[in-house]
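Atom set for the values below is all heavy atoms of this structure, side chains included, hydrogens, waters and symmetry mates excluded. Ligands are counted one by one from 1 in listed order, and the atoms in each one are counted from 1 as well.
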Amino acid sequence: MKIGFIGLGNMGGPMAANLAAAGHDVRGFDLQAPMPEGVQSADSATDAASGADVVISMLPNGEILRSVAAEIIPAMAAGAVLCDCSTVDVESARAVATQAQDAGLGALDAPVSGGVGGATNGTLTFMVGGDDAAFATVSPLFDIMGQKAVHCGAAGAGQSAKICNNMILGVTMIATCEAFALADKLNLDRQKMFDVVSTSSGYSWSMNAYCPAPGVGPETPADNDYKPGFASELMLKDLRLSQQAAEAVGADTPMGAQAMELYRTFVENESGLGTDFSAMLPRFEKRSRT
Ligand code: NAD
């Protein structure tokens, strides 16, 4: 396939490299990131998009996605598919899909879970919104870049699934960290706490697969001085998107709102910026009830 790839940063770079390594003809564009191995350099986003069967974007936010989409949609070949893999607000995802469909193109919102490791190893999970035909076109590419692609529904459904998942993740990570901090103060050994909770009703991905306590459970960013991993500011971004969506549809999400506020404080006023999102544990450790 001829693929245009726009946004070759931490995630987009290895995703584009995997598509090229699988034998696809990939033309990439980024404002500053280096060209990944096997990817031909385009002069502009429009240059990368014109003549492509599928254009994939992996950009920082909805505003940038909207401006890139407005630029490339008129240049894309009739019947081509625009597949945005960035994490953006549901409204931007739907607006871009409508614009693409009005221009005779297919459109998918396909945010990912799995981080830079998943992007590098081709083991991402894609959560996809859009029509069946566009999903069928891009499916072979999802198979190269990831291990699973779930077609969640119409335009915006991929972003909706992503922010609901990450709202649960933020809340459970905070709950896991505050429980470890409580266990410390109760003189309960962290390993014993893990042994019990990871096989009891308090278990979760945050405890079992991404344990925030160093030296306990599987190897995680906690064992590497809380270097990300999944950075606290990215968790804050996703929690903000979940609350923006909740506000738009009038959903009551008190735990999500509280998680957003805690990560905002951690990132903006404390030492959270640039740390893994599980560094909430040393944050709680240092605090006491006031
Ligand atoms: P990044 O900042 O490393 O990459 C974004 C790239 O987009 C940069 O290289 C930047 O130069 C480029 N860019 C910005 N504006 C552009 C434009 N107008 N034209 C062309 N290129 C442009 O970010 P990332 O970590 O690769 O994340 C990308 C997306 O994936 C984000 O939406 C993020 O929320 C999401 N995501 C990231 C992770 C992660 O662990 N890093 C995990 C899941 C989802």
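Contact between Ala52 and Ile3 at its shortest, heavy atoms only, is CB-C, 4.2 Å. Shortest non-hydrogen contact noted between Pro111 and Gly158 is CG-O, 3.4 Å. Closest heavy-atom contact between Gln147 and Thr125: NE2-OG1, 4.3 Å.
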With the criterion set at N/O pairs under 3.5 Å, what does the list of contacts between the protein and ligand 1 look like, atom names and distances included?
from: ligand 1; atom 1: 3 (O); to: Asn10; atom 2: N; distance (Å): 2.9
from: ligand 1; atom 1: 3 (O); to: Asn10; atom 2: ND2; distance (Å): 3.1
from: ligand 1; atom 1: 9 (O); to: Asp30; atom 2: OD1; distance (Å): 3.2
from: ligand 1; atom 1: 9 (O); to: Asp30; atom 2: OD2; distance (Å): 2.7
from: ligand 1; atom 1: 11 (O); to: Asp30; atom 2: OD1; distance (Å): 2.6
from: ligand 1; atom 1: 26 (O); to: Asn10; atom 2: N; distance (Å): 3.3
from: ligand 1; atom 1: 26 (O); to: Met11; atom 2: N; distance (Å): 2.8
from: ligand 1; atom 1: 32 (O); to: Leu59; atom 2: O; distance (Å): 2.8
from: ligand 1; atom 1: 32 (O); to: Thr87; atom 2: N; distance (Å): 3.0
from: ligand 1; atom 1: 32 (O); to: Lys237; atom 2: NZ; distance (Å): 2.9
from: ligand 1; atom 1: 34 (O); to: Lys237; atom 2: NZ; distance (Å): 2.8

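In this structure, Met173 belongs to a hydrophobic cluster whose other members, linked by side-chain heavy atoms under 4.5 Å apart, are Met167, Leu169, Ile174, Trp205, Tyr210, Phe230, Leu234, Met235, Leu236, Leu239, Met260, Leu262, Tyr263, Phe266, Val267, Leu273, Phe277, Met280, Phe284.
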Using a 3.5 Å cut-off and no angle test, enumerate the donor-acceptor pairs between side-chain atoms of residues 64-86 and protein atoms at least two apart in sequence or in another chain.
from: Arg66; atom 1: NE; to: Ser92; atom 2: OG; distance (Å): 2.8
from: Arg66; atom 1: NH2; to: Ser92; atom 2: OG; distance (Å): 3.3
from: Ser67; atom 1: OG; to: Ile64; atom 2: O; distance (Å): 3.3
from: Glu71; atom 1: OE2; to: Thr46; atom 2: OG1; distance (Å): 3.3
from: Asp84; atom 1: OD1; to: Ser57; atom 2: OG; distance (Å): 2.6
from: Asp84; atom 1: OD1; to: Ser86; atom 2: N; distance (Å): 3.4
from: Asp84; atom 1: OD1; to: Ser86; atom 2: OG; distance (Å): 2.6
from: Ser86; atom 1: OG; to: Leu59; atom 2: N; distance (Å): 2.8
from: Ser86; atom 1: OG; to: Leu59; atom 2: O; distance (Å): 3.4

Which atom pairs, donor and acceptor, lie under 3.5 Å between side-chain atoms of residues 98-108 and protein residues at least two apart or in another chain?
from: Thr98; atom 1: OG1; to: Arg94; atom 2: O; distance (Å): 2.9

